[in-house]
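Contents: one structure, followed by commentary.
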Amino acid sequence: MRRHENERVLVLAPTSADAELSRAVFADANVACHICRDLRDLAREMDEGAAAVLLTEEVFVAGDAHELLDALRRQAPWSDIPVVFLATAGVTSAAAAWAIELLGNVTVLERPVRLTTLVTTLQTAVRARRRQYELRQQVIDLKQADLALRRQSERQRLLGEAAAILLATDEPNTLMHALFAKIAPHFALDGFFNFIVSDAAEGLRLDAYAGISDEEARSFERLKLAEGIAGRVALERRPVTVNRIQESDDPMVRRLKDFGFHTVYCHPLIADDLLLGTLTLASRQRESFDPDELSFMETICTYITGAYERVRLIRELRDADRRKDEFLATLAHELRNPLAPIRNALHITRLAATDSAALEQARAMMERQLEQMVRLIDDLLHVSRITRGKLVLRKERVELATVINGAVDTTRPLIEAAGHALTITLPPMPIYLDGDPLRLAQIFSNLLNNAAKYTERGGHIWLTAVTDRGNVVVSVRDNGVGIPQEALPRIFEMFAQVDRSLEKSQGGLGIGLTLVKRLVELHGGSVEANSEGVGKGSEFKARLPMAVAPVSPARDSDKTQKPTPLRCRILVADDNRDAAESMSMMLRLMGNEVRTVNDGEQAVDEAAAFRPDVILLDIGMPKLNGYDVARSIRSQRWGAQPFLVALTGWGQAEDRQRALDAGFDQHFTKPVPPDVLAQLLSRLKR
Ligand code: ADP
């Protein structure tokens, strides 16, 4: 119904002269009118829309009213079309009474009627009718809003149910099928194709599908990027909709056409900028999807991407958890390994108290095993500190040869025990590095240690250093068990270990190489592993930037000077009696005068009485902790004199700082190697 037809007055005049007159009068009064020929014509025009009807008693009586009544019945329920009825006897006219009865909303004007009365009556009727139309529009608007609301809440419910499905399963294939079953009826979907990005083929692989036979799916299994709709979506990374596929000759949709689909929506699944795959939703019943349906499908695809991410993260977590469990098992095993020989050796010292050769052998055995445990725990602490970004390098100018000699000294017992030959080739001129001497030595001793471990008895190890454009490249090569090609890329990862059945030596925790890599990187270098394969030996190369200026000679001679044993007065305070006792025995055997105490208060008292040169203080002690003891001693008149050494299990920078703040001169992490103590004491006496 057009707007201007809703505004017009339908006029049925008895004669054409009347009709023409009315048209002229109404035109003057700005009332749109349409002249009808007879009642049938009027009825037809009413179907087209009208603001009001003007009738006279003659036409109503003479005409056949049933068509007009039918037309009124056909009007919408909201419609109550006003009829202005002209009768000579007014409402008392029989025709008027009949019209009121049959036509409902009738205004009777008595003839002769003044023109102004007629015009204003009609204008009022038109206004009333306009109001009816307005109300009708409001009802329509309300109904539409209601419909939209219902649809929206339906979609929300569907999204909620979809989300529940996506959260309920960790298996992508099951997830896709369950989700499709849920949404398919709402959009008349008949199939879906979920392609995922396959690393190997650099294309897409069909991972899950519905709506086509397995045979059809096989013809569809792999797509190159840009091939088919999914390939194009993967390449362009944006959704594509194709409508009226059956009418299309585009080769891009040939397969979909063969499968009988009419419309598809294909969406890229992208998480963190990484393309995981695509999802195509397809219908054989629809020619196209509405915009709001497409926006719903887009949301669903975003949900699916989230679910895929979740599944991937769950797998990663499970993997990490499994590796952690394996690591804990290995750790327990590796920590227990040295305990058996230590226990045996202790037993031997008891049984063979007078056999000095056996005692010496037992001592050497315990020393070796203890060394291994200390190394293991040190590695663990270092890795954890590096991982948390807490390892601070104590950099100085060092000569490569010195560092390498240190590393070789540490690993020599292991290399010799396995009967390996070691060939060291260094450049003729001294090479200097800016680095932490201890950590640099740790890099090479770890590599040498591995070379010795993973080489069969009587093997050969080569340590070679060459310079290369401002760097020094140190290679540690062996002719041992080698590393399978597929294990090489992950060999530096934490806990990475090649299948144990390949290992001919005792194992470890799988953190040695992680430590090597991180330490080299902290020194601004890089590291790589090479092997021709199993049984063909391995080579590890560390590339480190060289320092330009040489090391100061004073420091160098400082290092090479042998410590001379001299006598000190030493107080040892530790609540672990064995620790205190063994330490004091050792210090006494080095020629010092030693006293021991087992708590903080005793430490303060004994320090005042004994006035030692050096005090070795445990930090965690009853009554007064090591920090408080240090502070108390430093507050005494004589308290500035003794050299205070803190011994703790914690060696992080902040522990060191805390010790220095409390008045300690030095901080050591337990266990302190005897030669480190000896060096310290000799330096103090000088
Ligand atoms: P660990 O030796 O404690 O297992 P690492 O991190 O030092 O841990 O080494 C990781 C793995 O790399 C070892 O378990 C071993 O399988 C392999 N590997 C390291 N060095 C060598 C080498 N020189 N020859 C053969 N395999 C090696």
Side-chain angles (χ1 to χ4, degrees), residues 323-338 369 371-387 407-408 410-412 414-415 417-424 439 441-464 474-522 526-542:
R323 280 198 286 161
K324 189 205 69 200
D325 286 347
E326 283 171 9
F327 166 74
L328 283 177
T330 318
L331 178 63
H333 183 253
E334 290 303 316
L335 285 177
R336 221 173 56 188
N337 266 346
Q369 297 300 326
E371 202 50 51
Q372 191 182 329
M373 277 185 98
V374 170
R375 163 192 286 273
L376 208 73
I377 294 166
D378 272 357
D379 274 4
L380 260 179
L381 286 173
H382 286 140
V383 163
S384 114
R385 249 177 260 160
I386 293 178
T387 315
V408 170
T410 324
T411 35
R412 199 181 294 284
L414 189 67
I415 296 174
H420 299 318
L422 173 65
T423 308
I424 301 176
R439 303 291 155 248
Q442 198 173 7
I443 294 171
F444 302 119
S445 67
N446 273 6
L447 292 178
L448 286 169
N449 208 52
N450 277 352
K453 263 167 39 177
Y454 301 108
T455 299
E456 294 212 33
R457 255 198 96 69
H460 202 141
I461 300 170
W462 294 265
L463 189 153
T464 316
V474 183
S475 143
V476 177
R477 186 163 66 85
D478 62 58
N479 60 351
V481 299
I483 301 166
Q485 208 61 31
E486 63 276 11
L488 276 175
R490 306 192 66 175
I491 203 86
F492 290 103
E493 282 180 18
M494 185 98 92
F495 312 142
Q497 289 186 312
V498 177
D499 188 340
R500 285 197 164 261
S501 60
L502 286 174
E503 295 176 6
K504 305 292 179 214
S505 265
Q506 56 179 316
L509 296 176
I511 54 175
L513 287 181
T514 312
L515 200 57
V516 166
K517 182 168 190 284
R518 305 264 172 96
L519 286 175
V520 169
E521 285 169 356
L522 279 177
S526 61
V527 58
E528 63 178 65
N530 288 302
S531 171
E532 301 272 294
V534 177
K536 305 237 173 93
S538 317
E539 182 177 21
F540 290 82
K541 278 187 189 167

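Every number for a ligand or one of its atoms is a count from 1 in the order of the listing. The structure displayed is predicted, hence computed values, not measured ones.
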| task | With heavy atoms under 4.0 Å as the rule, classify the contact between Phe540 and ligand 1 as side chain, backbone, both or neither. | result | side chain
| field | ligand 1 contact on Val481 by region, counting heavy-atom pairs under 4.0 Å | value | side chain
| Contact atoms of ligand 1, heavy-atom distance to Ile491 under 4.0 Å | 12 (O), 17 (C)
| query | Is the backbone of Ser538 close enough, under 3.5 Å, to the side chain of Asp478 for a donor and an acceptor to pair up by distance? | reply | yes
| query | Is the CD atom of Glu532 crowded by more than 12 outside heavy atoms at less than 6.0 Å? | reply | no
| Given Lys541, Glu539, Glu528, the one that forms side chain to side chain donor-acceptor pair (under 3.5 Å) with Ser475 | Glu539
| query | How far apart are the C-alpha atoms of Ile483 and Phe540, what are their side-chain angles, what is the distance that settles it, and do they pass the side chain to side chain contact (heavy atoms under 4.5 Å, CB included) test? | reply | CA-CA 11 Å; Ile483 301 166; Phe540 290 82; 3.7 Å; yes
| message | Taking 4.0 Å as the limit for heavy-atom contacts, which would you say applies to Leu513 with ligand 1: side chain only, backbone only, both, or neither? | response | both
| said: Is there a polar contact between ligand 1 and Gly512, counting only N or O atoms under 3.5 Å apart? | reply: yes
| Taking non-hydrogen atoms only, is Asp478 closer than 4.0 angstrom to ligand 1 via side chain, backbone, both or neither? | side chain
| task | Could you give me the CA-CA distance, side-chain angles and deciding distance for His420 and Leu414, then say whether side chain to side chain contact (heavy atoms under 4.5 Å, CB included) is met? | result | CA-CA 9 Å; His420 299 318; Leu414 189 67; over 6 Å; no
| request: Ignoring angles and geometry beyond distance, decide whether Gly510 reaches within less than 3.5 Å of ligand 1 through its nitrogen or oxygen atoms. | output: yes
| Does any N/O atom on Thr514 come nearer than 3.5 Å to any N/O atom on ligand 1? | no
| request: For Arg477 and Thr464, run side chain to side chain contact (heavy atoms under 4.5 Å, CB included): C-alpha distance rounded to whole Å, both residues' side-chain angles, the deciding distance at 0.1 Å, then the answer. | output: CA-CA 8 Å; Arg477 186 163 66 85; Thr464 316; over 6 Å; no
